[in-house]
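The structure under discussion appears below in the form of structure tokens.
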Amino acid sequence: MQRSAPTFTRLQLEFDVANEMFQLMTATLEEFEDFIQRVIDEAELILPPDSRSTILEMCQELINILKPMDIEDSFDMERMADAMEDIINLFDSLESSEFSSEADEIVVSIFEQHGGEDIERRLEDKLTVALQRIEQRYANYISTWSESRQARNSEFLKWFMDFKNEKDAFEKLDLLYQSDFL
């Protein structure tokens, strides 16, 4: 006897995937905004008024983008995607040696004191969990297909196998965003 899987429509799948990504992005940005604001607040207390920190300026620019964001506005959603990229670039900047001013070193130290490495790991863990839920939604959707439908949708199945087998969360996210199947 063949196991019966729940029936999902493509429209429902698209909605569920978009909703999952929306929830992930908003939760991630809120957590990151709170974290960055704490770093900014402490840095402003510690740094002399005439000091200049490129990293602190990057943080403030990011906060200026995130604070007024309306998640129901499509323009702001594009800005949100850009902000996610800025977050990745900020973490990359913290790991580089191009910022060598004393103020930048202090800001990096504040990041570390507030758990900068932990937040990056937590955000990646959240991404991984969300992508696993999305993968399961796709698997449930595909499980309802007949063999002939699977044959007609071989390109989609190939993409799904690539998506399913990708282990790096950020590469998996890229596969999802670059797919024609959303």
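Note that the structure is a prediction, hence the values are computed from the model and not measured. In this chain, residues are counted from 1 in sequence order.
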**Asked** What's the spacing between Cys59 SG and Ile36 CD1 if we round to 0.5 Å?
**Response** 4.0 Å
**Request:** Report the relative orientation of the aromatic rings in Phe156 and Trp145; use parallel for angles under 30°, tilted for 30 to 60°, perpendicular for over 60°.
**Result:** tilted
**Prompt:** Once you round to the nearest 0.5 Å, how far does OG of Ser148 lie from CZ of Arg152?
**Reply:** 4.5 Å
**Item:** Exercise: identify the closest heavy-atom pair between Ile110 and Ala43
**Value:** CD1-CA, 3.5 Å
**Prompt:** Does a side-chain heavy-atom distance below 4.5 Å link Arg121 with Lys126?
**Reply:** no
**Message:** The criterion is salt bridge (Lys or Arg N to Asp or Glu O under 4.0 Å); which residues satisfy it with Arg38, sequence neighbours excluded?
**Reply:** none
**Prompt:** Say you draw a straight line from CG of Leu173 to CD of Gln178; how long is it, rounded to the nearest 0.5 Å?
**Reply:** 9.5 Å
**Complete:** Applying side-chain hydrogen bond (donor to acceptor under 3.5 Å, both in side chains) to Gln136 and not counting sequence neighbours gives Asn140
**Prompt:** If you round to the nearest 0.5 Å, how far is CD1 of Ile142 from CZ of Arg149?
**Reply:** 9.5 Å
**Asked** If Ile, Leu, Val, Met, Phe, Trp and Tyr residues are connected whenever their side-chain heavy atoms lie under 4.5 Å apart, and connections chain through other members, are Val129 and Leu123 in the same group?
**Response** no
**Fill in**
Sorted by chain and number, sequence neighbours left out, salt bridge (Lys or Arg N to Asp or Glu O under 4.0 Å) with Glu42 holds for none
**Audit row: Met21, Ile134, side chain to side chain contact (heavy atoms under 4.5 Å, CB included) steps and yes/no** = CA-CA 9 Å; Met21 292 309 301; Ile134 289 170; 3.4 Å; yes
**Item:** Residues Arg52, Thr54; criterion side chain to side chain contact (heavy atoms under 4.5 Å, CB included); working and verdict
**Value:** CA-CA 7 Å; Arg52 186 173 184 279; Thr54 305; 3.7 Å; yes
**Prompt:** Are Tyr138 and Met161 joined in one hydrophobic group, where the rule is that I, L, V, M, F, W and Y side chains link up if heavy atoms are under 4.5 Å apart?
**Reply:** yes
**Prompt:** Once the angle between the rings of Phe35 and His114 is folded into 0 to 90°, is it parallel (under 30°), tilted (30 to 60°) or perpendicular (over 60°)?
**Reply:** perpendicular
**Item:** Test side chain to side chain contact (heavy atoms under 4.5 Å, CB included) applied to Ile119 and Phe111, step by step
**Value:** CA-CA 10 Å; Ile119 194 168; Phe111 263 95; over 6 Å; no
**Prompt:** salt bridge (Lys or Arg N to Asp or Glu O under 4.0 Å) with Lys164: which residues, sequence neighbours excluded?
**Reply:** none
**Prompt:** How far apart are the closest heavy atoms of Phe163 and Leu176, and which atoms are they?
**Reply:** CE1-CB, 3.9 Å
**Item:** Verdict with supporting geometry, Arg122 and Asp118, salt bridge (charged side-chain N to carboxylate O under 4.0 Å, His left out)
**Value:** CA-CA 6 Å; Arg122 283 195 321 269; Asp118 291 338; 5.2 Å; no
**Prompt:** Could you go step by step and tell me if Tyr141 and Val17 meet the side chain to side chain contact (heavy atoms under 4.5 Å, CB included) rule?
**Reply:** CA-CA 12 Å; Tyr141 175 68; Val17 169; over 6 Å; no
**Item:** Non-neighbouring partners of Glu135 that pass salt bridge (Lys or Arg N to Asp or Glu O under 4.0 Å), sequence neighbours left out
**Value:** Lys172
**Asked** Could you give the distance from CD (Glu20) to CZ (Arg133), rounded to the nearest 0.5 Å?
**Response** 4.0 Å
**Message:** Please report the interatomic distance CD(Gln37) to CD1(Ile63), rounded to the nearest 0.5 Å.
**Reply:** 5.0 Å
**Asked** Listed by chain and number, what are the side-chain hydrogen bond (donor to acceptor under 3.5 Å, both in side chains) partners of Asp34, not counting sequence neighbours?
**Response** none
**Request:** For the pair Ser51 (side chain) and Leu47 (backbone), establish whether a donor and an acceptor sit closer than 3.5 Å, ignoring hydrogens and angles.
**Result:** no
**Prompt:** Distance-only, no hydrogens or angles: does the Trp159 side chain make a donor-acceptor pair with backbone N or O of Leu175 under 3.5 Å?
**Reply:** yes
**Side-chain donor/acceptor of Ser109 to backbone N/O of Glu105, under 3.5 Å** = no
**Asked** Would Ser101 and Asp104 satisfy side chain to side chain donor-acceptor pair (under 3.5 Å), going step by step from the backbone distance to the final call?
**Response** CA-CA 5 Å; Ser101 76; Asp104 282 332; 3.2 Å; yes
**Asked** When hydrophobic residues are tied together by side-chain contacts of less than 4.5 Å, even through go-betweens, does Phe170 share a cluster with Met25?
**Response** yes
**Message:** Between Leu11 and Leu13, is there shared hydrophobic-cluster membership here, with clusters defined by ILVMFWY side-chain heavy atoms closer than 4.5 Å?
**Reply:** no
**Asked** Is there a donor-acceptor contact under 3.5 Å from the side chain of Asn19 to the main chain of Phe15?
**Response** no
